[in-house]
*Asks:* 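Structure provided below as structure tokens; questions to follow.
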Amino acid sequence: MKKKVNDEEAFEKFFRDCYLRNLRPATVEYYKNEFQAFRRRIDKELVECNHKDIEDFILMSKQPIKITTINTRLRALRSFYNFLFKNKLIDKNL
């Protein structure tokens with residue numbers, strides 16, 4: 001994925017949009033927690049992730065992750081990457 005912003009800039013824009021859309025504080029916290037947890041797992045900036053990073057996350061076997069946890073995290077990431085792509089902050093959506 002070719003990035004045009006770093007994680008901090010992307011988060012700032014994404015969460016600004018969340019507040020403008022008047023999302024519940026719990027939803028915003030959910031996004032923050034899921035992004036942080038995913039970054040810890042992959043040890044990489046989210047805007048630098050590619051399809052293989054997502055697949056590796058799903059298949060990680062060091063510590064088994066429940067399917068509901070994986071799906072919850074993927075749902076948050078999907079919202080994030082769709083936002084970045086829609087606003088032309090990344091060139092390609094995962």
Side-chain angles (χ1 to χ4, degrees):
M1 174 182 330
K2 200 171 187 182
K3 68 176 186 165
K4 297 181 181 179
V5 293
N6 63 30
D7 269 4
E8 299 314 313
E9 293 167 332
F11 290 149
E12 182 181 322
K13 292 175 187 297
F14 178 78
F15 289 118
R16 182 177 190 273
D17 182 66
C18 289
Y19 290 118
L20 289 173
R21 290 186 295 138
N22 203 27
L23 295 184
R24 292 178 40 227
T27 303
V28 174
E29 278 304 308
Y30 152 73
Y31 285 133
K32 287 179 182 179
N33 291 335
E34 295 307 320
F35 297 158
Q36 183 179 32
F38 185 75
R39 282 173 75 181
R40 274 196 313 265
R41 282 277 192 175
I42 62 165
D43 195 31
K44 192 176 192 179
E45 285 203 10
L46 290 182
V47 295
E48 294 177 351
C49 284
N50 57 37
H51 191 73
K52 184 178 180 333
D53 294 323
I54 304 294
E55 288 177 353
D56 289 346
F57 164 73
I58 293 169
L59 299 173
M60 269 187 183
S61 60
K62 292 177 186 170
Q63 271 186 315
I65 304 173
K66 292 182 181 179
I67 291 178
T68 54
T69 303
I70 291 170
N71 290 336
T72 300
R73 204 145 293 149
L74 291 176
R75 190 169 44 253
L77 291 171
R78 192 174 303 115
S79 294
F80 181 65
Y81 288 120
N82 285 340
F83 169 81
L84 295 179
F85 184 71
K86 178 181 148 194
N87 288 280
K88 297 179 170 72
L89 299 173
I90 57 175
D91 291 332
K92 184 179 174 185
N93 196 354
L94 297 175

*Asks:* Can you list the residues that meet the side-chain hydrogen bond (donor to acceptor under 3.5 Å, both in side chains) rule with Arg39, with sequence neighbours excluded?
*Replies:*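 With sequence neighbours excluded, Arg39 shows a side-chain hydrogen bond (donor to acceptor under 3.5 Å, both in side chains) to Asp7, given in chain and number order.
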
*Asks:* Please report the closest heavy-atom contact between Phe35 and Ala76, naming both atoms and the distance.
*Replies:*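 Minimum heavy-atom separation between Phe35 and Ala76: CE2-O, 3.5 Å.
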
*Asks:* For the CD atom on Glu9, are there more than 12 heavy atoms of other groups (residues, nucleotides or ligands in this structure) within a distance under 6.0 Å?
*Replies:*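 More than 12 heavy atoms, drawn from other residues, nucleotides or ligands, come within 6.0 Å of this atom.
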
*Asks:* Of the non-hydrogen atoms in Ile54 and Leu77, which two are nearest, and what is the gap between them?
*Replies:*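 Ile54 and Leu77 have their closest heavy atoms at CD1-CD1, 4.2 Å.
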
*Asks:* State whether the side chain of Asp53 and the backbone N or O of Asn50 hold a donor-acceptor pair below 3.5 Å, judged by distance alone.
*Replies:*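 Pair found, side chain donor or acceptor close to backbone of Asn50.
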
*Asks:* Can you list the steps and then say if Asp56 with Ile42 is a side chain to side chain contact (heavy atoms under 4.5 Å, CB included)?
*Replies:* CA-CA 8 Å; Asp56 289 346; Ile42 62 165; over 6 Å; no

*Asks:* What residues form a ring-ring contact (aromatic ring centres under 6.0 Å, His included) with Phe83, not counting sequence neighbours?
*Replies:*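 Partners of Phe83 under the ring-ring contact (aromatic ring centres under 6.0 Å, His included) test: Phe14.
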
*Asks:* Restricting to salt bridge (charged side-chain N to carboxylate O under 4.0 Å, His left out), what partner residues turn up for Lys66, sequence neighbours left out?
*Replies:*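 Per chain and number, Lys66 pairs via salt bridge (charged side-chain N to carboxylate O under 4.0 Å, His left out) with no residue.
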
*Asks:* Would you indicate whether Leu20, at its atom CG, is surrounded by more than 12 heavy atoms from other residues, nucleotides or ligands within a distance under 6.0 Å?
*Replies:*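 Counting other residues, nucleotides and ligands, CG of Leu20 exceeds 12 neighbours.
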
*Asks:* First locate atom CZ of Arg41, then atom CD1 of Ile58, and finally report the distance between them rounded to the nearest 0.5 Å.
*Replies:*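 Rounded to the nearest 0.5 Å, the CZ-CD1 separation comes to 12.5 Å.
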
*Asks:* Can you name the closest pair of heavy atoms from Asn6 and Glu8 and give their distance?
*Replies:*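 It is OD1-N, 3.1 Å.
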
*Asks:* Under the rule for ring-ring contact (aromatic ring centres under 6.0 Å, His included), what residues qualify as partners of Phe57, not counting sequence neighbours?
*Replies:*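 ring-ring contact (aromatic ring centres under 6.0 Å, His included) check on Phe57 returns Phe38.
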
*Asks:* Which residue pairs satisfy the side-chain hydrogen bond (donor to acceptor under 3.5 Å, both in side chains) criterion with at least one member in residues 19-29, sequence neighbours excluded?
*Replies:*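 Output for this query lists Asp17-Arg21.
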
*Asks:* Among residues at least two apart in sequence or on other chains, which ones pass side-chain hydrogen bond (donor to acceptor under 3.5 Å, both in side chains) with Thr69?
*Replies:*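 In terms of side-chain hydrogen bond (donor to acceptor under 3.5 Å, both in side chains), with neighbours along the sequence ignored, Thr69 is linked to no residue.
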
*Asks:* Once rounded to the nearest 0.5 Å, what's the spacing between atom CZ of Phe11 and atom OH of Tyr31?
*Replies:*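 Rounded to the nearest 0.5 Å, the CZ-OH separation comes to 13.0 Å.
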
*Asks:* Take Lys13 and Leu89, measure what side chain to side chain contact (heavy atoms under 4.5 Å, CB included) needs, and give me the verdict at the end.
*Replies:* CA-CA 10 Å; Lys13 292 175 187 297; Leu89 299 173; 3.6 Å; yes

*Asks:* Within this structure, what is the OG1-CZ distance for the pair Thr68 and Arg75, rounded to the nearest 0.5 Å?
*Replies:*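 Going from OG1 on Thr68 over to CZ on Arg75, the span is 9.5 Å.
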
*Asks:* Count the heavy atoms of every other residue, nucleotide or ligand shown that sit under 6.0 Å from NZ of Lys86, and state whether that count exceeds 12.
*Replies:*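 Not buried by this count: 12 neighbours or fewer within 6.0 Å.
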
*Asks:* Which atoms form the tightest heavy-atom contact between Thr72 and Tyr30, and what is the distance?
*Replies:*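 The pair with the smallest heavy-atom distance is O-OH, 2.8 Å.
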
